[in-house]
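Single-structure report; data block below.
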Amino acid sequence: MALLRLWRAVPAALRGARGRAGAAGAPRGAEVQLSAAGGGIAEILMNRPHARNSLGKVFVNELFSALEQLRFDEQVRVVVFKSQVKGVFCAGADLKERAKMDDAEVGEFVRRLRNLMDEIAALPVPTIAAIDGYALGGGLELALACDLRVAASSAKMGLIETTRGLLPGAGGTQRLPRCVGIGLAKELIFTGRQVDGEQAASMGLVNHSVPQNSEGDAAYQRALTLAKEILPQAPFAVKMGKLAINKGMEVDIASGMAIEGMCYAQNIPTKDRQEGMAAFREKRPPRFTGK
């Protein structure tokens, strides 16, 4: 299986055991780990407990490496972003590390963060952020770069940069208004306000809000359920649907319709389309292969 090849190809520093909490059992120094949840679901596990998964240099470098591993594996159909640190998804910028940078270094590092979020958004398969705790500043920007977001009702989210003399610099000023609308995005950014999972769901910031459980992974469990709902669908059609939506949102509707047409045209000759029609005629579940 390609997922098994992916696992073997991942550097030891990026490997982790699925379902472990905190840093227990993780390789020394590993801050981002890859795991296969089965059936085509890959997980990116964030594991920097001493800094609440803040976006430090090593953390960012390892995230880039993990994304590179996933991008070319055709057996990966959904990617779930999950924290291994209880009570936090990602706390945003590593301000202690940032304080040691000069102005030029800050500018370069924020540019790299922006590129990281773009790389997450550009993954060809659906991505889901499982927000079981705090997602602040760059942490929320990471979640916004994902296609779908699931949050525990107790989770706290916010672009809080203005409370630190900053503004969102890793895509927040662009992705938040596309998610919740311009007026509400301005209000949230201007005030630096934090919202919980239920409030986030009511404004469309997350797709689903669920009550937290005793294990502290309710959002992750709901994200897995959502991922498993995506798995049976035709992989190439899902990829083309994602591409059509993402590119279409950047242009006027007439141009967007043209993009949709181009994506649809690429799907017409696929075996999966033929399989879908055959399954419908024969009144049986389709068996999609991604071809």
Side-chain angles (χ1 to χ4, degrees), residues 6 14 31-32 34 42-46 48 53-74 76-83 89-94 97-98 101 104-131 135-149 157-161 166-180 182 185 188-189 204-207 238-251 255-256 259 262-263:
L6 177 155
L14 293 181
E31 296 186 0
V32 176
L34 282 177
E43 297 175 345
I44 291 182
L45 308 177
M46 299 179 291
R48 197 184 181 210
N53 288 342
S54 60
L55 297 165
K57 291 180 180 179
V58 172
F59 187 92
V60 168
N61 288 340
E62 291 185 2
L63 260 180
F64 269 116
S65 296
L67 294 171
E68 188 69 16
Q69 292 290 335
L70 293 173
R71 184 176 297 107
F72 301 106
D73 193 319
E74 294 184 358
V76 174
R77 297 191 179 187
V78 186
V79 176
V80 176
F81 285 76
K82 176 186 183 293
S83 171
F89 177 73
C90 174
D94 186 334
E97 192 175 271
R98 187 78 59 86
M101 300 179 187
E105 290 171 328
V106 169
E108 174 60 23
F109 186 70
V110 172
R111 182 196 63 79
R112 185 163 169 78
L113 281 181
R114 196 176 300 119
N115 289 344
L116 174 65
M117 306 312 172
D118 288 344
E119 289 292 317
I120 293 171
L123 278 175
V125 299
T127 53
I128 308 173
I131 308 171
L136 304 176
L140 182 54
E141 288 177 306
L142 191 159
L144 284 166
C146 294
D147 298 305
L148 307 172
R149 287 160 294 282
M157 290 155 273
L159 294 180
I160 62 170
E161 285 86 349
L166 304 166
L167 73 153
T173 65
Q174 302 306 304
R175 291 192 174 96
L176 185 63
R178 284 168 167 80
C179 185
V180 303
I182 294 174
L188 293 173
I189 290 173
L205 178 56
V206 301
N207 298 78
V238 170
K239 289 179 181 179
M240 287 298 100
K242 173 173 176 172
L243 183 63
I245 293 170
N246 285 355
K247 296 300 182 184
M249 288 299 294
E250 299 173 0
V251 297
S255 300
I259 291 170
M262 289 186 286
C263 290

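Of all the heavy atoms in V180 and G204, the pair that sits closest is CG1-C, 4.2 Å. The two residues G139 and L55 come nearest to each other via the heavy atoms N-CD1, 4.4 Å. Shortest non-hydrogen contact noted between L159 and G137 is CD2-O, 3.5 Å. Nearest heavy-atom pair across I189 and P168 is CG2-CD, 4.0 Å. Looking at every heavy atom in both residues, I259 comes nearest to A244 through CG2-CA, 4.1 Å. Nearest heavy atom pair, residue C179 against residue R149, reads SG-NH2, 3.5 Å.
Rounded to the nearest 0.5 angstrom, N115 CG and E119 CD are separated by 7.0 Å. Note that CE of M46 is 13.0 Å distant from CD of E62, once rounded to the nearest 0.5 Å. Note that CD of Q174 and CZ of R114 are 9.5 Å apart. Values are rounded to the nearest 0.5 Å. For the atom pair L176 CG and M157 CE, the distance stands at 11.5 Å (nearest 0.5 Å). Between atom CG of residue D147 and atom CD1 of residue I128 there is a gap of 8.5 Å, rounded to the nearest 0.5 Å. Distance check: I131 CD1 to C90 SG gives 10.5 Å after rounding to the nearest 0.5 Å.
The shortest side-chain heavy-atom distance between L205 and L144 falls under the 4.5 Å cut-off. A 4.5 Å side-chain heavy-atom check between V79 and R71 finds every atom pair outside the cut-off. Taking 4.5 Å as the limit, every side-chain heavy atom of F59 sits out of range of all side-chain heavy atoms of D94. Proximity of V78 to V125: side-chain heavy atoms (C-beta onward) are nowhere separated by under 4.5 Å. Two residues are said to be in side-chain contact when any heavy atoms from C-beta on lie closer than 4.5 Å; L243 and P124 fail this criterion. Between V32 and I44 the shortest side-chain heavy-atom distance falls below 4.5 Å. Within the 4.5 Å cutoff, the side chain of E250 has heavy atoms near those of the K247 side chain. Residues V110 and M101 have side chains not in contact (no heavy-atom distance under 4.5 Å, counting atoms from C-beta outward).
Looking only at distances, a side-chain donor or acceptor of E141 sits under 3.5 Å from a matching main-chain atom of A170. A donor-acceptor pair is defined here as one N or O able to donate and one able to accept, closer than 3.5 Å; such a pair exists between the side chain of E97 and the backbone of K57. Listed for the T173 side chain is no donor-acceptor partner under 3.5 Å among the backbone atoms of G169. K242 places a side-chain N or O within donor-acceptor distance of the main-chain N or O of L123, the cut-off being under 3.5 Å.
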Practice problem: For the pair L142 and M117, evaluate side-chain contact (heavy atoms from CB on, under 4.5 Å) and give the outcome as yes or no after the intermediate values. | Solution: CA-CA 6 Å; L142 191 159; M117 306 312 172; 4.0 Å; yes
Quiz item: Between F89 and N53, does a side-chain contact (heavy atoms from CB on, under 4.5 Å) hold up when you go through it step by step?
Solution: CA-CA 7 Å; F89 177 73; N53 288 342; over 6 Å; no
Practice problem: Kindly determine whether L67 and L116 satisfy side-chain contact (heavy atoms from CB on, under 4.5 Å), including the steps that lead there. | Solution: CA-CA 9 Å; L67 294 171; L116 174 65; 3.8 Å; yes
Quiz item: Is there a side-chain contact (heavy atoms from CB on, under 4.5 Å) between V238 and R77 once you walk through the steps?
Solution: CA-CA 9 Å; V238 170; R77 297 191 179 187; over 6 Å; no
